[in-house]
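Before any comments, here is the structure.
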Amino acid sequence: MRIATWNINSIRLRVDNMITWLNETRPDVVCLQEIKCQDEQFPREAFEGLGYNVAVHGQKGFNGVAVLSRLPFDEVTTGLPGGDGDVQSRFIEVVVSTAEGVVRVCGLYLPNGNPVDSEKYPYKLDWMARLKAHVAGRLAFEEPLVVCGDFNVIPEPEDAAHPEAWVNDALFLPQTRAAFRELLNLGLTDALRATSDAPGLYSFWDYQAGAWPKNNGIRIDHLLLSPQASDRLAAVGIDKHVRSWEKPSDHVPVWADLAIRA
DNA sequence: ATGGTAGATAGTCTA
């Protein structure tokens, strides 16, 4: 089965791009971030018509996450535990049943955290601590688990075209990278780095300053796998060409194939 | 160093 993540930067503006990409990449499960709409505004019929089930956790204006799945949902839960009073829609978790048992997928939109000297950076670090606690509990289930989404974390210098430009940014500060490593150290595998140590693999290019034509990108969209998922990892891809389409998102889809029959 | 672009929205805020 193929599991993908894509920060779509407004689902309503990019229905056509989504449909083209779904037909091309044929993912079984897709986690979407920055849908930028409320639940009732999500264009679910467009995807249901292609055979996808739709789960949405939206909000007005910003953020918002969703999951599309060819397999029916056994469970859908929204919101990251531990956020008393956190009203930002950034986390959705589903369980689907395959021919070979359940697969659990967490879709997340981790806070950006800039500016670093504002309340946004401590919010990011707190959110990462909450994520670590939640994932630790889920790993105890010993299931195939995929934790994927826009992490807003550049894990290593190789994950940026110009790492020196990011040294004071919330996406690359030592504390941010350390929190990401803590997550990995629970026992998760970065799917892309399990299959390639090549530099120049990016998932985001800013709309500004010609970042895309200059290939000034960063890798911040990740799929992290539990041991039971990692043992079945067959392939990983970044659909980079999508960035050159008309009206593109500033992110491109990243996917992983698991040797689990859907 | 600065400012550059895009999206939701109707002021600016977020990225």
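Chain letters run A, B, ... following the sequence lines, proteins first, then strands; residues in each count from 1. Since the model is a prediction, treat every value here as computed from it, not as a measurement.
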Q. Of all heavy-atom pairs between A:A160 and A:I218, which one has the smallest distance, and what is that distance?
A.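 Result for this residue pair: CB-CG2, 3.8 Å.
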
Please report, rounded to the nearest Å, how far the [atom2] atom of [N] is from the [atom1] atom of [X].
{"X": "A:Q59", "N": "B:dT14", "atom1": "CD", "atom2": "C1'", "result": "11 Å"}
{"X": "A:E34", "N": "B:dG7", "atom1": "CD", "atom2": "P", "result": "11 Å"}
{"X": "A:L171", "N": "B:dT14", "atom1": "CG", "atom2": "C1'", "result": "13 Å"}
{"X": "A:Q33", "N": "B:dA15", "atom1": "CD", "atom2": "P", "result": "14 Å"}
{"X": "A:N7", "N": "B:dT14", "atom1": "CG", "atom2": "P", "result": "16 Å"}
{"X": "A:I8", "N": "B:dA6", "atom1": "CD1", "atom2": "P", "result": "16 Å"}
{"X": "A:D169", "N": "B:dA15", "atom1": "CG", "atom2": "P", "result": "12 Å"}
{"X": "A:W166", "N": "B:dA15", "atom1": "CH2", "atom2": "P", "result": "13 Å"}

Q | Given DNA chain B, 5'-ward residue of the pair A:P248 and A:R90, judged by closest heavy atom | A |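 Closer to the 5' end of DNA chain B: A:P248.
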
Q) For A:P111 and A:R14, take the nucleotide of DNA chain B holding the closest heavy atom to each; which residue's nucleotide lies nearer the 5' end? A)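 Looking at the nearest nucleotide for each, A:R14 comes out on the 5' side.
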
Spacing of the [atom1] atoms in [M] and [N] (rounded, Å):
{"N": "B:dG11", "M": "B:dA1", "atom1": "P", "value": "36 Å"}
{"N": "B:dT9", "M": "B:dA15", "atom1": "P", "value": "15 Å"}
{"N": "B:dT12", "M": "B:dT2", "atom1": "P", "value": "23 Å"}
{"N": "B:dG7", "M": "B:dG3", "atom1": "P", "value": "22 Å"}

Q: Evaluate the criterion side-chain contact (heavy atoms from CB on, under 4.5 Å) for residue pair A:V252 and A:Y202; output intermediate values, then yes/no.
A: CA-CA 9 Å; A:V252 298; A:Y202 309 131; over 6 Å; no

Q: Could you list the residues that satisfy ring-ring contact (aromatic ring centres under 6.0 Å, His included) with A:H251, not counting sequence neighbours?
A: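 Listed in chain order: A:F204.
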
Q: With sequence neighbours left out, write down each residue that passes ring-ring contact (aromatic ring centres under 6.0 Å, His included) with A:F91, or none if nothing qualifies.
A: A:H134

[X] and [Y] ion-paired at < 4.0 Å:
{"X": "A:D257", "Y": "A:R2", "value": "yes"}
{"X": "A:R177", "Y": "A:D159", "value": "no"}
{"X": "A:R138", "Y": "A:E93", "value": "yes"}

Q | Any donor-acceptor N/O pair, A:Y207 side chain to A:D250 backbone, under 3.5 Å | A | yes

Q. For every nucleotide of nucleotides 8-13 of chain B, 5' to 3': is a protein heavy atom under 4.0 Å from its base (B), only from its sugar-phosphate (S), or from neither (-)?
A. SS---B

(Q) Just to verify, what does A:E158 make a salt bridge (Lys or Arg N to Asp or Glu O under 4.0 Å) with, not counting sequence neighbours? (A) none

Q: Under 4.0 Å from any atom of DNA chain B, heavy atoms only: list the residues of residues 147-165 of chain A that qualify, in numerical order.
A: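 Going residue by residue through residues 147-165 of chain A, none turns out to have a heavy atom under 4.0 Å of DNA chain B.
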
Q: Residues of residues 205-224 of chain A with any non-hydrogen atom less than 4.0 angstrom from an atom of DNA chain B: list those, numerically ordered, please.
A: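 Contacting residues: A:Y207, A:Q208.
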
Q: Check the pair A:D86 / A:R130 against salt bridge (Lys or Arg N to Asp or Glu O under 4.0 Å), numbers first and verdict last.
A: CA-CA 12 Å; A:D86 184 357; A:R130 287 164 55 198; 2.9 Å; yes

(Q) Please classify the nucleic acid contact of A:F204 as base, sugar-phosphate, or nothing, using heavy-atom distances under 4.0 Å. (A)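 The answer is nothing, as A:F204 stays clear of every strand by at least 4.0 Å.
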
Q. Any side-chain N or O of A:K247 less than 4.0 Å from the OP1 or OP2 oxygen of B:dG7?
A. yes

Q: Show your working on side-chain hydrogen bond (donor to acceptor under 3.5 Å, both in side chains) between A:D169 and A:N114 and close with a plain yes or no.
A: CA-CA 7 Å; A:D169 192 284; A:N114 286 305; 2.9 Å; yes

Q: Look at the aromatic rings of A:H222 and A:F180 and report parallel, tilted or perpendicular, splitting at 30° and 60°.
A: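 Answer is tilted, since the angle falls between 30° and 60°.
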
